[in-house]
Protein chains: 2
Amino acid sequence: MDSLTISEVAKQAGINLQTIRYYERQGLLAPSSRTEAGYRIFSSESVWRIRFIKRAQGLGFSLKEIKDLLFLRIDAHTTQADIRKRTQAKIADVEQKIRHLQAIHTSLLRMAQDCSGCGPLKNCPILESLDGKEFV
Amino acid sequence: MDSLTISEVAKQAGINLQTIRYYERQGLLAPSSRTEAGYRIFSSESVWRIRFIKRAQGLGFSLKEIKDLLFLRIDAHTTQADIRKRTQAKIADVEQKIRHLQAIHTSLLRMAQDCSGCGPLKNCPILESLDGKEFV
DNA sequence: GTAAGCCCTGTACCTAGGTATAGAGTCAAG
DNA sequence: CTTGACTCTATACCTAGGTACAGGGCTTAC
């Protein structure tokens with residue numbers, strides 16, 4: 001009752017069947033065994049693992065980083081501190097992305113504020129900004 | 001003196017030569033003419049246009065959106081209001097991305113704070129979060 | 001025993017924004 | 001008149017994260 005076919009896993013995890021095979025190729029997931037005919041057999045743990053992957057992706061981890069996390073987890077020498085360190089690196093990463101987007105946001109806002117929304121196009125301050133006449 | 005070869009444009013705009021041909025294929029840029037031998041001839045305006053593209057990219061516009069902006073600009077019926085509207089749509093887009101990253105940031109921070117950084121791995125609150133036992 | 005509905009592998013395709021390579025033609029200097 | 005630097009097109013390759021399809025093999029119910 002704990003042995004699932006690939007389509008059952010896909011359905012339970014809410015994921016495309018092809019994606020499961022893709023994760024297997026990427027080394028993120030493996031069937032616990034195969035039938036004589038070569039059919040993949042998964043345990044319900046695989047469903048958890050896919051959910052883990054999806055949550056971590058949602059938090060901005062790449063598949064490669066997630067794979068690292070999974071292997072860290074399996075490694076007997078890994079400590080909570082290791083996992084915490086990865087998480088803190090990812091926090092710094094996300095903070096960096098936010099700062100970048102905020103700089104973009106500021107520039108766009110300034111451009112839109114400078115523009116009255118009327119007047120001839122050739123005097124459009126937004127396009128002038130993009131032309132680099134006064135914008136860094 | 002206003003007619004440049006592709007490699008001169010590439011050098012002046014600080015961009016890869018192949019990228020210029022790529023932009024041409026994408027309809028973002030075109031040589032003003034060709035020599036008899038088929039060599040592209042650019043005007044120095046192309047250098048400005050590439051800078052425009054690079055600035056707009058830096059502000060989070062995709063090449064497709066930039067192409068739209070360029071065509072808007074050429075269209076005689078376009079007004080400042082049209083350009084302003086695009087810019088405001090992009091502002092909303094950037095704000096959305098910032099909100100998403102901030103939600104990620106909050107979750108990651110909470111996970112890291114819950115984790116003392118010591119203790120056995122099997123009790124790691126970060127991994128528990130990712131396992132979905134208490135985390136949305 | 002056969003048809004539907006699974007499953008397998010391998011390969012190609014997709015977006016986005018390029019970069020690289022192959023094979024051929026052109027141009028200018030010595 | 002040849003050599004090296006430049007250009008052309010076409011095609012392949014790259015990351016990231018998948019998705020789709022072709023051609024075949026199981027399995028199960030009728």
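The shown structure was predicted, so the numbers you read here are calculated from the model rather than taken from an experiment. What you see below is based on every heavy atom in this structure, not just the backbone, and it leaves out hydrogens, waters and symmetry mates. Below, chain A is the first sequence line, B the second, and so on; all start at residue 1.
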Does anything in residues 26-39 of chain B form a salt bridge (charged side-chain N to carboxylate O under 4.0 Å, His left out)? List the pairs, not counting sequence neighbours.
B:Glu24-B:Arg34

Walking along DNA chain D from 5' to 3', note the first and the last nucleotide with an atom under 4.0 Å from a heavy atom of chain B, and give both.
D:dC6 to D:dT9

What does A:Gln57 touch in the nucleic acid at a heavy-atom separation under 4.0 angstrom: a base, only the sugar-phosphate, or nothing?
sugar-phosphate

Check: B:Ser46 side chain, B:Phe42 main-chain N or O, donor-acceptor pair, under 3.5 Å:
no

Can you give me the bend angle of the helix from C:dG1-D:dC30 to C:dG30-D:dC1? Use the axis through the first five pairs and the one through the last five, nearest 10 degrees.
40°

To the nearest 0.5 Å, what is the distance between CG (A:Asp82) and CG (A:Asp68)?
11.5 Å

Go through the structure and list residues passing side chain to side chain contact (heavy atoms under 4.5 Å, CB included) with B:Ser44, not counting sequence neighbours.
B:Asp2, B:Leu4

Given 3.5 Å as the limit, does a donor-acceptor pair link the side chain of A:Arg84 with the main chain of B:Ala112, or not?
yes

Between the CE atom in B:Met111 and the CD1 atom in A:Ile91, the distance rounded to the nearest 0.5 Å is 8.0 Å

Residues that A:Ser7 engages under side chain to side chain contact (heavy atoms under 4.5 Å, CB included), provided they are two or more places apart
A:Thr5, A:Leu17

Specify the closest pair of heavy atoms between A:Ser3 and A:Glu8, including all atoms of both residues, with the distance to one decimal.
O-OE1, 4.1 Å

Could you tell me the separation between the CD1 atom of A:Ile6 and the C1' atom of C:dG5, rounded to a whole number of Å?
15 Å

Results of side chain to side chain contact (heavy atoms under 4.5 Å, CB included) for A:Tyr23 - residues two or more places apart only
A:Ile15, A:Thr19, A:Leu28, A:Leu29, A:Ile53, A:Lys54, A:Gln57, A:Leu63

What heavy-atom pair brings A:Ile20 and A:Ile6 nearest, and what distance separates the two atoms?
CD1-O, 3.7 Å

By the side chain to side chain donor-acceptor pair (under 3.5 Å) test, which pairs, at least two apart or in different chains, include something from residues 89-103 of chain A?
A:Glu65-A:Lys90, A:Lys90-A:Asp93, A:Glu95-B:His105, A:Gln96-A:Arg99

Scan residues 11-25 of chain B against DNA chain D and write down, sorted by residue number, each residue with any heavy atom closer than 4.0 Å; if none is found, say none.
B:Leu17, B:Arg21

Taking the side chain as C-beta and beyond, is there a heavy-atom pair between B:Leu108 and A:Gln88 under 4.5 Å?
no

Return the residues of residues 29-42 of chain A meeting this criterion: a heavy atom under 4.0 Å from some atom of DNA chain C. Order them by number, or give none.
A:Arg34, A:Gly38, A:Tyr39, A:Arg40

Just call it for B:Lys54: base, sugar-phosphate, or nothing, with non-hydrogen atoms closer than 4.0 Å on any strand.
sugar-phosphate

With B:Thr35 via side chain to side chain contact (heavy atoms under 4.5 Å, CB included) - residues at least two apart
B:Ala37, B:Tyr39, B:Ile41

